[in-house]
Amino acid sequence: MIEPTPSQKEVINSEYAAGTTIKVIAGPGSGKTLTLMLKVRELITSGTLKPDEVLILSLTNKAVDNAVHKLLDVFQENEPCEVQTSTADIVTQINVSTIHGLANRVVVENEGLINIIEENGWRGLLKLIPPDILKNFGRSKSGTALTPRMFERLFREYQVGGKNRVQDSTMERIISIMRGSKVVTNDELIVLAAKYLDLARNSSKPESSASFTQDLLEKYKVVVVDEFQDLFPSLLPFLEIVARGKQLILFGDPHQSIYGFLGDNKILMQSLEESRSTRAQETYYLFDNFRSTPEISQLSSALIKENDKSVGQAYYSKLPMSLQCQAIKAADSIEELEIVVREVCRVVSHSARFSDIAILTRTNAQLNFVAEYLGSYGIPVEKLTAQPDWMSDKTVKFLSDLLKLCVLVSKEQGASGEANHLAYYPSDFSVIVTLGASKGVSNQALQALFAEAKASKVSLWDVLAQGRLTSVSTANKNKIRNYVKHVVTLMEQLELDADPEPVSLIATLADTASKLGFVSEGIKSAEAIDASKCHISEWLKALKGCIQLKPENVPYTEWILETQFDQIQAANQFSDSSQDRGIGSVKLSTIHSSKGLEFPIVFLLGSSDSTFPIEKNALYVGITRARNILYLSNVSNKLLPAQPLCGENIPWNAGMWKYYRKDLKRPCVTNFVTSSNNFNFLSKRYGLASPVRSISTFAVRASHSLRYVIR
Ligand SMILES: Nc1ncnc2c1ncn2[C@@H]1O[C@H](COP(=O)(O)OP(=O)(O)OP(=O)(O)O)[C@@H](O)[C@H]1O
């Protein structure tokens, strides 16, 4: 059990008072996240607040995932509290959410199901633009076809252009399709949610407001925000209204602010603080560093050149590890990765495991290159992303889109006449996305059908279901009839009112997806199929959790779609096991996705192209992820001192390994081998036969160790 330091205790025991603000500023590894969890535990176990009066907000699904795990940990280690409720029950009642997830719940509650546009949505919308217009309208610099991502960027630029923008009929048409089919971007979601909260607050009959919206205004007493330095100005209207009248507790580290491209965090913080009516604010600092060795901490402090305020009295300090940070200098990316492979091999020949190691890059493209390169040596790797992989899996998304289509179409069919004759129908977007992703339906056919629907003022689904297909070719007709037939069967099979059981729900959706010839660009290899199966089973786990959180009067299928942002919390709380996934793999992450995490060994890759150096705060985040060993490769930043970076003979540094094993509570192991036979064996298996660099004794040993660990 961890004993909080005096400064952590001050935060944990700080007084609860409605309308006040508590700000906790602390460096990496100072126990911010832990203190946040202990503070929440204290508020609840002391009886000050009930679990359902606490709202914890994060920016990414991964951070929510992390927070739920940590909450479960801190409540589990607590002595049995007076309230006879199990840990999982208490944690279930605490609302841990992403800001966008919360905004989504408010909007859905007030205007029914909406679509938050993602890559498949942009791809679908792109299919509605005729080729001649597309040609003039947008093209990549290299002249290649417009990708959904490029289209999304153009759309954003157009919207930001405001009143001064030159009207573009295609963009205007896309905007009206989006409005009509309830399709919003993430930024629009925040604005809409703030609008509904404001309406509810000013309503003369508050009891008439929807209950989640009302709860958000009244039920919660404390709003805790983790990583406040990552908040950006467009979140302000929503945050300000959610936190009004409550105690707002903000944890963060301004030096770790790395989302500057979304807007200035300082502007948001200033406006947020000014908007608090009482303006009573207390600021606390945590000065300890439980994570990094003094050698690594020294390097990170040199980078930010801490000012007086943030240099306080540390209560706890680690002993030196007798190893300075390691500098890697390479002529190009290949040489850089050759050195990384060699060093990975060196450390795993000793007490390190592959899972101790993280390789951090600046961009996703670099990350993919590293994954491929290490993979070619047979080194197991695992990519970390800002949200769990299953949430962005294309197959999971398609199945979810199919479900949404069925729910929306059946709602529209059940609606009274007044809902008809709309310019666009909510189900239109789901048809565009699902029909567009099914095999063999051309863009021209989709455009013709859409035009027909608009001319007749009926929904796109009605055009298809009524067989008004005169404007499309015979081949397309057959595909579309096939699509309609399978979707109609799916709607019958799903029995939407009868709350289908999650396993059969997914099985039925998957069966229809295969009959529709759904092709996911991601699924081309056997490995990708395996990964997709794994993602579907994780989704299933989340859906099972969702059932347990569902209010009685909402149909299950609608609940799944409404809460899709929050399923991560359900997946965690109701999971049967908390097994360590991916043990034995080197973690690969962009610096951005590594936030809040720590690893015993970190390789921070720069780039051989020094014209684009890593931004200072990102470099700071990367460096401070390391617990024991830090390699900086081709990181050129003038703010870093030339010393104490140096190259050391790590394998023979016995004192360092002793420290390493003690710190990570590892048994003493030695994997040494000198026989070249092992290398010959491995060189065939892992393609080590003709390495770019000469084969040293280390390579022999490392190869042997690879064999051990991979087995
Ligand atoms: N009082 C304490 N005693 C011992 N270990 C502690 C204490 N407080 C925190 N730690 C440990 O320090 C490590 C870092 O803690 P935590 O992840 O909460 O830091 P953080 O401030 O949130 O870091 P970052 O800003 O990088 O996200 C964890 O391993 C945690 O268990």
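One is the number of the first residue; the rest follow in order along the sequence. Remember, it's 1-based here, ligands and their atoms both numbered in the order they're listed.
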In this structure, atom 8 (N) of ligand 1 is nearest to the protein heavy atom Q8 NE2, 3.1 Å
Just to confirm my output: which protein heavy-atom neighbour is closest to atom 18 (O) of ligand 1, and how far is it?
L34 N, 3.1 Å
Check ligand 1 against S30 and write out every atom of the ligand that is under 4.0 Å from a heavy-atom position of the residue.
19 (O), 21 (O)
Would you say ligand 1 has an N or O under 3.5 Å from any N or O of E227?
no
Indicate, as side chain, backbone, both or neither, the part of I2 found under 4.0 angstrom from ligand 1 when only non-hydrogen atoms are considered.
side chain
Taking the side chain as everything from C-beta on, heavy atoms only, tell me whether Q247 gets closer than 4.5 Å to T20.
yes
Would you call D73-R41 a salt bridge at under 4.0 Å N-O?
no
Under 4.0 Å from a heavy atom of E3: give me the atoms of ligand 1 that qualify, with their elements.
1 (N), 2 (C), 3 (N)
Short N/O distance, under 3.5 Å, between G31 and ligand 1?
yes
Over 60° means perpendicular and under 30° means parallel, so classify the ring planes of W657 and Y660, tilted if in between.
perpendicular
Pairs of nitrogen or oxygen atoms closer than 3.5 Å, one from R627 and one from ligand 1: do any exist?
no
Would you mind reporting whether L286 and D288 have side-chain heavy atoms less than 4.5 Å apart?
no
Between E3 and K9, does any NZ, NE, NH1 or NH2 come within less than 4.0 Å of an OD or OE carboxylate oxygen?
yes
Nitrogen or oxygen of G29 less than 3.5 angstrom from that of ligand 1
yes
Atoms of ligand 1 under 4.0 Å from any heavy atom of E598, numbered from 1 in the order shown, are 13 (C), 14 (C), 28 (C), 29 (O)
Can you establish whether the number of heavy atoms outside K266 located under 6.0 Å from its atom NZ is more than 12?
no
Shortest protein heavy-atom distance from atom 5 (N) of ligand 1, along with the residue and atom involved:
F290 CD2, 3.4 Å
For the residue pair F603 and Y631, categorise the inter-ring angle as parallel (less than 30°), tilted (30 to 60°) or perpendicular (more than 60°).
parallel
Would you say P4 touches ligand 1, if touching means a heavy atom closer than 4.0 Å?
yes
What protein heavy atom is closest to atom 22 (O) of ligand 1, reported as residue, atom name and distance in Å?
T33 OG1, 2.6 Å
I want to check something: taking the side chain as every heavy atom from C-beta on, are L248 and L239 in contact at a cut-off of under 4.5 Å?
no
Which part of Q256 is near ligand 1, with near meaning a heavy atom under 4.0 Å away: side chain, backbone, both or neither?
side chain
Selection residues 20-37 - residue pairs positive for salt bridge (charged side-chain N to carboxylate O under 4.0 Å, His left out), sequence neighbours left out:
K23-E273
Heavy-atom pairs closer than 4.0 Å: do any link ligand 1 to the side chain of R291, the backbone, both, or neither?
side chain
Which protein heavy atom lies closest to atom 25 (O) of ligand 1, and at what distance to 0.1 Å?
K32 NZ, 2.6 Å
Taking the side chain from Q8 and the backbone from S30, do they hold a donor-acceptor pair closer than 3.5 Å?
yes
Whether D356 and R627 form a salt bridge (side-chain N of Lys/Arg under 4.0 Å from carboxylate O of Asp/Glu) is what I want to check.
no
Among non-hydrogen protein atoms, atom 27 (O) of ligand 1 lies closest to G596 CA, 3.3 Å
Counting only heavy atoms on the protein side, is anything nearer than 4.0 Å to atom 11 (C) of ligand 1?
yes
So the atoms of ligand 1 within less than 4.0 Å of a heavy atom of G27 turn out to be 21 (O)
Result block: side-chain N/O donor-acceptor pairs under 3.5 angstrom for residues 225-233, not counting sequence neighbours:
residue	atom	partner	partner atom	Å
E227	OE1	Q229	NE2	2.7
Q229	OE1	D253	N	2.9
D230	OD1	K595	NZ	3.1
D230	OD2	K595	NZ	2.7

